[in-house]
Amino acid sequence: MISADEMAVVDENAAALGVPRKQLMESSGNAVARVVREVADPGARVAIVAGRGNNGGDGLVAARFLSEYDVTVHLLGRAETISTDIARENWAALQRADLDAREVRDSTTLDLGAPDVVVDAMLGTGVTGDPREPERSAIEAVDALDATVVAVDVPSGVDADTGDRATPAVDADHVVTFHDAKPGLDALDCVVTVADIGIPAAAERFVERGDLQRVRRGGETKGDNGRVFVIGGGPYTGAPAMAAQGALRAGADLSFVAVPESVKTPIASYAEDLIVQPYDGERLTPEHVPDLVETAHDHDDVVVLGPGLGSADDTLDAVREFLDSFEGRAVVDADALSVVPEVDTDADLVLTPNSHEFVELGGEAVEDFRGDEDAVESLAAELGHVVLAKAKTDVVSDGERTRVCRAGTPGMTVGGTGDTLAGITAAMVATLDPFEAACVAPYVNGRAGELVAEEHAPGGGLLASDLLDRIPRAIWGEDRPES
Ligand SMILES: NC(=O)C1=CN([C@@H]2O[C@H](COP(=O)(O)OP(=O)(O)OC[C@H]3O[C@@H](n4cnc5c(N)ncnc54)[C@H](O)[C@@H]3O)[C@@H](O)[C@H]2O)[C@H](O)CC1
Ligand SMILES: [K+]
């Protein structure tokens, strides 16, 4: 089962892997034609009613695979209003091939004749709201016919995710859906064919640019896009600042940094955008914990626990106590990771171990997580938290779902890229399900590194701080062609 939103992610990932949508459309149209051949003999009259999106595009492709039938294509609107390049190119091919393809400029003049089969290629997963004209009249015309109806992807007027039927909606005898079953088709009283259209499994397994569709920028008031609260500092100062800036660059509205008084000034000097809240002393100790937990709970912050904390005994005691009493969402990184197996926390955690910390957490020692994804999956299942295992190839698992992220560049072995990743992850956790957040964050971090390498550090010498101002482009950048 796959939702329409998830299908759009997989579609774009297939394109990123070199299988463009036009190729998928060719396979989709071919699959529709195969079902038409199952339900009608050669010579039968086939009316293909096409909308102006890619659902219509599938129908236009199907027309080319039905040469032994008496096919008429009815495009619901003027060709120049076709909404995607690939559908428009398929319309042009029909015109040049001199197939009987007509533009229906006024839905009241729609005359489908008396076809044996109707292909419903009007509305698919891109439908918004109840069918509007001309699709509305066309659906009523199709339902009034005494013909076998083959719907493309989903009957027009039916919601692919919920199965809800708009008024009007097509009564289909057959539905040809693509790649995976759609939840909304289950309850329909018709024959459903799930057609493989050549999307590689990798389009779901690997995190690619399609996953960026998940990144949400929501509400209008400050904080709607997340508040991140970095608890770090201690011996090291760069790490908490880098994590806090990474969070802002990835879309968080506010980024707070709790660090020892002793390092407040250098951290505040890194970026005026950070709100530094010092705690007294030289490092995190248990007496600081109640206030930190209260602050995090009061503001529903996504916490980043760990950057630069160091591993003094009383600091690790403080981490233990924090996790014991914190019930919100947190990214746990660096020195804070080692105590996670010891505490039974109610918090929703995303753990971001490198290969050394992975073993400290109880994971199996592996060369690279790629090829040993099971090790990550079993550790996540054992700990009951999302694990983002970082290496040349990152592997993310929540104990059931496991995905692989290959984005990045060799120069990213430099110190600090784990800190930017922790901040990006927290920003994503603020608006996404923790597993999805943990999948898209390393893609963003890796893509930012690739942009740095492309622009000014091709051989190496990349600084983690170089990633920061590339993060927005990695997410919302201009290089995301319609594919
Ligand atoms: N991997 C795959 O599953 C593939 C699926 N394909 C097909 O693509 C459609 C989705 O195409 P999309 O262009 O996103 O949207 P639609 O064609 O479904 O509809 C958009 C189209 O219709 C207009 N529209 C939207 N809402 C309404 C409405 N309520 N009333 C009237 N008109 C409406 C809108 O303006 C657009 O013009 C999917 O279903 C598959 O069939 C790809 O072919 C390849 C891979
Ligand atoms: K349809």
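Counting starts at 1 for both ligands and their atoms, following the listed order. Worth saying up front: this structure is predicted, and the values here are computed from it rather than measured.
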Report task. Please report which non-hydrogen protein atom sits nearest to atom 10 (C) of ligand 1, along with the residue it belongs to and the distance in Å to one decimal place. Result -> Thr125 OG1, 3.3 Å
Report task. Please determine if the K ion (ligand 2) has an N/O/S atom from Gly124 lying under 3.4 Å away. Result -> no
Report summary line: On a heavy-atom basis, the closest approach of Ile197 and Leu24 is O-CD2, 3.4 Å
Query raised in the report: ligand 1 and Leu24, any nitrogen or oxygen pair closer than 3.5 angstrom?
Result: no
Report task. Run the numbers on Arg401 and Glu377 for salt bridge (Lys or Arg N to Asp or Glu O under 4.0 Å), then give the verdict. Result -> CA-CA 8 Å; Arg401 297 170 289 178; Glu377 189 162 306; over 6 Å; no
Query - Proximity to ligand 1 by part of Asp130, non-hydrogen separation under 4.0 Å - result: backbone
Query - Identity and separation of the nearest protein heavy atom to atom 9 (C) of ligand 1 - result: Asn55 N, 3.6 Å
Query - Electrostatic pair Glu103:Arg52 at N-O distance under 4.0 angstrom - result: no
Report summary line: Note: ligand 1 atoms sitting under 4.0 Å from heavy atoms of Pro131 are 29 (N), 30 (N)
Query raised in the report: Tell me, which N, O or S atom in Asp120 is closest to the K ion (ligand 2)?
Result: O
**Report entry** Asp100/Arg102 salt bridge by N-O under 4.0 Å criterion
**Finding:** yes
Report summary line: Honestly, for Val127 the part within reach of ligand 1 (heavy atoms, under 4.0 Å) is both
Query raised in the report: From the K ion (ligand 2) out to just under 3.4 Å, does an N/O/S atom of Leu123 turn up?
Result: yes
Report summary line: From the list Val386, Leu361, Asp333, side chain to side chain contact (heavy atoms under 4.5 Å, CB included) with Leu351 holds only for Leu361
Query raised in the report: Charged N to carboxylate O under 4.0 angstrom, Arg45 versus Asp116?
Result: yes
**Report entry** Backbone or side-chain N/O/S of Met122 under 3.4 Å of the K ion (ligand 2)
**Finding:** no
**Report entry** Heavy-atom donor-acceptor pair, Asp211 side chain to Cys439 backbone, under 3.5 Å
**Finding:** no
Requested in this report: I would like to know whether Arg406 and Asp394 meet salt bridge (Lys or Arg N to Asp or Glu O under 4.0 Å); could you show each step before the answer?
Outcome: CA-CA 7 Å; Arg406 302 177 293 186; Asp394 303 323; over 6 Å; no
Query raised in the report: Got the closest protein heavy atom to atom 14 (O) of ligand 1, with its distance?
Result: Gly126 CA, 3.8 Å
**Report entry** Flag: protein heavy atom within less than 4.0 Å of atom 35 (O) of ligand 1
**Finding:** no
Requested in this report: Can you sort out which atoms of ligand 1 are near Gly124, meaning under 4.0 Å from one of its heavy atoms?
Outcome: 16 (P), 18 (O), 39 (O)
Query raised in the report: Which part of Ile86 is near ligand 1, with near meaning a heavy atom under 4.0 Å away: side chain, backbone, both or neither?
Result: neither
**Report entry** Region of Asn54 that comes within reach of ligand 1 [heavy atoms, distance under 4.0 Å]
**Finding:** both
Query raised in the report: Does the pair Arg329/Asp300 count as a salt bridge with the N-to-O cut at 4.0 Å?
Result: yes
Query raised in the report: Where is the nearest protein heavy atom to atom 39 (O) of ligand 1: which residue, which atom, and how far?
Result: Asp153 OD2, 2.7 Å
Query raised in the report: Thr420 and side-chain hydrogen bond (donor to acceptor under 3.5 Å, both in side chains): which partner among Thr425, Asp466, Asn445?
Result: Asn445
Requested in this report: Before giving the answer on salt bridge (Lys or Arg N to Asp or Glu O under 4.0 Å), spell out for Glu80 and Arg88 the whole-Å C-alpha distance, their side-chain angles and the decisive distance to 0.1 Å.
Outcome: CA-CA 8 Å; Glu80 53 271 28; Arg88 199 173 307 115; over 6 Å; no
Query raised in the report: Which protein non-hydrogen atom lies closest to atom 3 (O) of ligand 1, naming both residue and atom, and how far is it?
Result: Met7 CG, 3.6 Å
Query raised in the report: Where does Thr128 meet ligand 1, judged by heavy-atom distances below 4.0 Å: at the side chain, the backbone, both, or neither?
Result: both
Requested in this report: Please confirm if an N, O or S atom belonging to Asp153, backbone or side chain, lies less than 3.4 Å from the K ion (ligand 2).
Outcome: no
Report summary line: protein heavy-atom neighbour closest to atom 1 (N) of ligand 1 works out as Asp11 OD1, 2.8 Å
Report task. Considering the heavy atoms of Arg52, write down every atom of ligand 1 situated less than 4.0 Å from one of them. Result -> 37 (O)
Query raised in the report: So which bit of Glu135 gets within less than 4.0 Å of ligand 1, heavy atoms only: side chain, backbone, both or neither?
Result: side chain
Report task. Just jot down the ligand 1 atoms closer than 4.0 angstrom to any heavy atom of Gly129, in number order. Result -> 29 (N)
Query - Atom CD of Glu400 with >12 non-hydrogen neighbours under 6.0 angstrom - result: no
Report task. Would you mind checking if Arg21 and Glu26 are paired as a salt bridge, meaning a charged N to carboxylate O distance below 4.0 Å? Result -> no
Report summary line: shortest atom 30 (N) of ligand 1-to-protein heavy-atom contact is with Arg132 N, 2.9 Å
Query raised in the report: Going through the checks in order, is the salt bridge (Lys or Arg N to Asp or Glu O under 4.0 Å) test met by Glu135 and Arg132?
Result: CA-CA 6 Å; Glu135 280 73 10; Arg132 300 183 294 274; over 6 Å; no
**Report entry** Residue portion contacting ligand 1 (non-hydrogen atoms closer than 4.0 Å) for Ser83
**Finding:** side chain
Query raised in the report: Relative to the ring of Phe358, is the ring of Phe369 parallel (under 30°), tilted (30 to 60°) or perpendicular (over 60°)?
Result: perpendicular
**Report entry** Numbered atoms and elements of ligand 1 in range of Leu123, under 4.0 angstrom, heavy atoms
**Finding:** 18 (O), 22 (O), 24 (N), 27 (C), 32 (N), 33 (C)
Query raised in the report: What is the nearest protein non-hydrogen atom to atom 43 (O) of ligand 1, stated with its residue, atom name and distance?
Result: Asp58 OD1, 2.4 Å
Query raised in the report: Below 4.0 angstrom, N of the basic side chain to O of the carboxylate: do Asp398 and Arg403 qualify?
Result: no
**Report entry** Ligand-side contact atoms (ligand 1) for residue partner Ile199, heavy atom cut-off under 4.0 Å
**Finding:** 1 (N)
Requested in this report: Using a strict 4.0 Å threshold on nitrogen-to-oxygen distance, state whether Arg214 and Asp433 make a salt bridge.
Outcome: no
Report task. Give a yes or no answer on whether the side chain of Arg216 reaches the backbone of Asn225 with a donor-acceptor pair at less than 3.5 Å. Result -> no
Query raised in the report: What's the shortest heavy-atom distance between Leu185 and Val154, and which atoms?
Result: CD2-CG2, 3.8 Å
Report summary line: Counting from 1 in the order shown, the ligand 1 atoms closer than 4.0 Å to a non-hydrogen atom of Met25 are 43 (O), 44 (C)
Report task. Return yes when at least one N/O/S atom of Val154 is nearer than 3.4 Å to the K ion (ligand 2), and no when none is. Result -> yes
Report task. Return yes when His179 approaches ligand 1 closer than 4.0 angstrom through a heavy atom, no otherwise. Result -> no
Query raised in the report: Is Arg165 paired with Asp159 through a side-chain N to carboxylate O contact shorter than 4.0 Å?
Result: no
Query raised in the report: Would you say atom 25 (C) of ligand 1 touches the protein, meaning some protein heavy atom is under 4.0 Å from it?
Result: yes
Query raised in the report: Can you tell me if Gly57 has a non-hydrogen atom under 4.0 Å from ligand 1?
Result: no
Report task. Round to 10° and report the angle made at the K ion (ligand 2) by OD1 of Asn55 and OG of Ser156. Result -> 100°
**Report entry** Heavy atom of Gly51, distance to ligand 1 below 4.0 Å
**Finding:** no
Requested in this report: Ignoring angles and geometry beyond distance, decide whether Glu133 reaches within less than 3.5 Å of ligand 1 through its nitrogen or oxygen atoms.
Outcome: no
